[in-house]
Number of protein chains: 2
Amino acid sequence: MEIHYKDKTYFSGKDLALSAIGGRWKIAVIWCLLHDSPLRLSEIQKKLPQANQRMLIRQLRELEEDKIVTRYVYPVVPPKVEYKLSEIGLQLEPVVTSICDWGDEFSVFVEKEANKAPAE
Amino acid sequence: MEIHYKDKTYFSGKDLALSAIGGRWKIAVIWCLLHDSPLRLSEIQKKLPQANQRMLIRQLRELEEDKIVTRYVYPVVPPKVEYKLSEIGLQLEPVVTSICDWGDEFSVFVEKEANKAPAE
DNA sequence: ACTCATAGTGACAAAAAAGTCAGTATTGTT
DNA sequence: AACAATACTGACTTTTTTGTCACTATGAGT
């Protein structure tokens, strides 16, 4: 069950999924768009102040290439561009939710471990 | 709601989660251990032939550091070491499952798109 | 004529991740 | 004495990913 996509070979849906959503800010961007949509670049930037503009644009471009995110350009000046999740993008909701849920549990766990072992 | 862990600062459980499960082979290793446990290194290697031994060991070490995977060393010769998911590791099941599910849908989607646009 | 806002791009540097190859330890078997 | 099996480690190199900085375009408002 080999999948060929963008000059690479994947051996399972899971592998392909990871290559599509694996960027540093992708899950965060998708999370934003699941909660609030459509969003303009400047709005995403406000929601993710740790990421710099260049990176966000790159992540959005890749998500767009993979048809996970759709980009609407309004022909106005100054430019206005809106991003939203495609149909397949919206289906990432369980992925994002389960990661958030586990992450919250894990951060509680990590917190507990830190108190347990008061090293350094 | 800042989380400090291993000299880094995370701004949400999601960020922390991604740093813990974000390695190239981590989801794959966790997937193996969810389906079949405990496993020895040599068994994981057989299940993930694309990964080389050094990488698997590194990913396992990191998962162990984060207490997602537990490592049992039997004091025998030749060495015998078994890996299994910890309690918090087992809780990754919904994450792995949702990624696999979405990945399968995405690979169908990608397949369809490829047929739709017979470029190159 | 100048400035502002928005959404970019290009070229490059730095850092992180992944991959490669050779080598180690132990004890039983041949 | 040499070899096999297992689970590693060290020292690198290569590749990939991130991050930074400077720069562009357009029309409105001053």
Side-chain angles (χ1 to χ4, degrees), chain A residues 5-11 15-16 18-29 32-33 37-66 69-84, chain B residues 5-11 15-30 32-33 37-66 69-84:
Chain A
Y5 185 57
K6 294 202 214 163
D7 296 332
K8 292 203 176 147
T9 302
Y10 300 93
F11 298 93
D15 288 351
L16 179 63
L18 292 172
S19 86
I21 61 175
R24 176 82 179 75
W25 301 100
K26 285 187 187 175
I27 291 288
V29 166
C32 289
L33 289 172
S37 183
L39 286 174
R40 303 178 64 175
L41 173 64
S42 50
E43 294 171 321
I44 299 176
Q45 280 187 260
K46 265 169 227 149
K47 285 166 181 279
L48 301 174
Q50 282 86 39
N52 68 62
Q53 196 190 37
R54 190 81 181 81
M55 273 314 293
L56 284 183
I57 292 171
R58 283 208 281 241
Q59 303 285 286
L60 284 164
R61 281 283 171 290
E62 291 182 20
L63 290 170
E64 198 197 343
E65 250 198 71
D66 293 333
V69 157
T70 335
R71 181 163 165 268
Y72 293 97
V73 182
Y74 292 80
V76 295
V77 165
K80 175 169 177 180
V81 178
E82 281 183 351
Y83 295 93
K84 54 191 285 195
Chain B
Y5 185 57
K6 294 202 211 161
D7 295 334
K8 292 203 177 147
T9 302
Y10 300 94
F11 298 93
D15 288 350
L16 179 63
L18 292 172
S19 86
I21 61 175
R24 175 82 179 75
W25 300 102
K26 285 187 188 175
I27 291 288
V29 167
I30 292 162
C32 290
L33 290 172
S37 183
L39 286 174
R40 302 178 63 174
L41 173 65
S42 50
E43 295 171 321
I44 299 176
Q45 280 187 260
K46 264 169 230 151
K47 285 166 180 277
L48 301 174
Q50 281 85 39
N52 68 63
Q53 195 189 40
R54 190 82 180 81
M55 272 314 293
L56 284 183
I57 290 171
R58 282 209 282 240
Q59 303 284 289
L60 284 163
R61 281 283 170 290
E62 290 181 20
L63 290 169
E64 197 197 344
E65 251 198 69
D66 293 334
V69 157
T70 335
R71 182 164 164 266
Y72 293 96
V73 182
Y74 292 80
V76 295
V77 164
K80 175 170 177 179
V81 177
E82 280 183 351
Y83 295 93
K84 54 191 286 195

Using atom [atom1] of [X] as one end and atom [atom2] of [N] as the other, report the distance to the nearest whole Å.
{"X": "B/Lys80", "N": "D/dC8", "atom1": "NZ", "atom2": "P", "answer": "13 Å"}
{"X": "B/Arg61", "N": "D/dG10", "atom1": "CZ", "atom2": "P", "answer": "11 Å"}
{"X": "B/Ile21", "N": "C/dA17", "atom1": "CD1", "atom2": "C1'", "answer": "17 Å"}
{"X": "B/Glu82", "N": "D/dT6", "atom1": "CD", "atom2": "P", "answer": "14 Å"}
{"X": "B/Leu18", "N": "C/dA16", "atom1": "CG", "atom2": "P", "answer": "17 Å"}

Looking across every strand, which nucleic acid part, if any, lies under 4.0 Å from [X] by heavy atom: base, sugar-phosphate, or nothing?
{"X": "B/Ile57", "result": "base"}
{"X": "A/Glu43", "result": "nothing"}
{"X": "A/Tyr83", "result": "sugar-phosphate"}

**Residue pairs involving residues 18-29 of chain A (criterion side chain to side chain donor-acceptor pair (under 3.5 Å); sequence neighbours excluded)** =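 Sorted pair list: A/Tyr10-A/Ser19, A/Lys26-A/Glu62.
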
**Message:** Taking the side chain as everything from C-beta on, heavy atoms only, tell me whether A/Asp15 gets closer than 4.5 Å to B/Gln50.
**Reply:**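 No, too far: nothing below the 4.5 Å cut-off.
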
**Prompt:** Looking at side-chain heavy atoms only, is the closest gap between A/Leu41 and A/Gln53 below 4.5 Å?
**Reply:**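 Yes, side chains in contact.
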
**Asked** How sharply is the helix from C/dA1-D/dT30 to C/dT30-D/dA1 bent, taking the axes over five pairs at either end and rounding to 10 degrees?
**Response**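 Taking five pairs per end, the axes differ by 30°.
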
**Asked** Could you run down nucleotides 19-25 of chain D 5' to 3' and tag each one B, S or - for protein heavy-atom contact under 4.0 Å?
**Response** BBB----

Considering just the side-chain nitrogens and oxygens of [X], establish if one lies under 4.0 Å of OP1 or OP2 belonging to [N].
{"X": "A/Tyr72", "N": "C/dA7", "value": "no"}
{"X": "B/Arg71", "N": "D/dC8", "value": "yes"}
{"X": "B/Gln59", "N": "C/dA18", "value": "yes"}
{"X": "B/Ser42", "N": "D/dA7", "value": "yes"}

